[in-house]
Amino acid sequence: MIILKTEEEIELLRKANLLVSATLAEIAKIVRPGVTTRQLDTLAEQFIRDHGAIPTFKGFPASFKDAGPFPASICTSVNHVVIHGIPDDKPLCDGDIVSVDCGTFLDGFCGDSCYTFCVGEVAPEVRQLLRTTKESLYRGIAAAFPGNRLGDIGAAVQQHCEAQGYGVVREFVGHGIGREMHEDPAVPNYGHRGSGKALKNGLCIAIEPMITMGSREVALLPDYWGVTTRDLRPAAHFEHTIAIHNGKPDILSTFEPIEAIEGKLY
Ligand code: MG
Ligand code: MG
């Protein structure tokens, strides 16, 4: 069931999402070779709690029966890990990329956004993957207005990425968001123009392209959380939470503070 949001609810969602963006900006300040993903997680959890919110991901129930609840406050997915990487004590290396997905629960509403960071000097072809994935997110967002359909969002993302030979992951998708982190509808990063549910004012969704440099086939790590590319080539993940608001897409999270810190790395 799709729950359309009121003006007041959209503003609460914006607050939760701006806290996610601020958290990712804190991470941008310290991402460098030698830092561990556990250090990023510790920083994120403290920052979120210091701002009166709860990290939504911590303790999030698993979709696979053999997995325990998610043990950390952020997902840190390095290189060939696409999504749901569990933070650990392995230092990041020069040339790595790390997708940091973050969720907050603030005043009854959820924030959810992800950014793929460069660690030191990253190869030009990998930076191109990041650039294209981020561009595809904004193309998907640009298709999110009343009168269009869900398939228009997915088609915009898919066409932009596949035109450059990249893979679009099928097994994991974006989602509605509100009082719950995952609400209806599912928001695939692939699809056909003019297909799927009609988009309406008040619809709040997370759009999150997960794009692979090679094959789009994915595999599950033995921890039952991390999802990798099967060919072990890199993958990128960018996510914004948006509202369809007053007849157009309104981006509730923001990359601006991250990009201000990171500069023009790619
Ligand atoms: Mg997310
Ligand atoms: Mg999400």
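As the structure lists them, so they are numbered: ligands from 1, and atoms in each ligand from 1. Count residues from 1 along the sequence.
Taking the six-membered ring for Trp, Tyr138 and His240 have ring centres closer than 6.0 Å.
At least one donor-acceptor pair under 3.5 Å links the side chain of Thr56 to the backbone N or O of Thr104. Checking side-chain atoms of Asn189 against main-chain N and O of Val168 turns up no donor-acceptor pair under 3.5 Å. At distances below 3.5 Å, not a single donor-acceptor pair connects side-chain atoms of Trp225 with backbone N or O atoms of Ala62.
Closest approach between the Mg ion (ligand 1) and any N/O/S atom of Asp112 involves OD1. For the Mg ion (ligand 2), the nearest N, O or S atom contributed by Glu208 is named OE2.
Between the Mg ion (ligand 2) and Cys114 there is no N/O/S contact shorter than 2.8 Å.
Rounding to 10 degrees gives 100° for the angle at the Mg ion (ligand 1) between OE1 of Glu239 and OD1 of Asp101.
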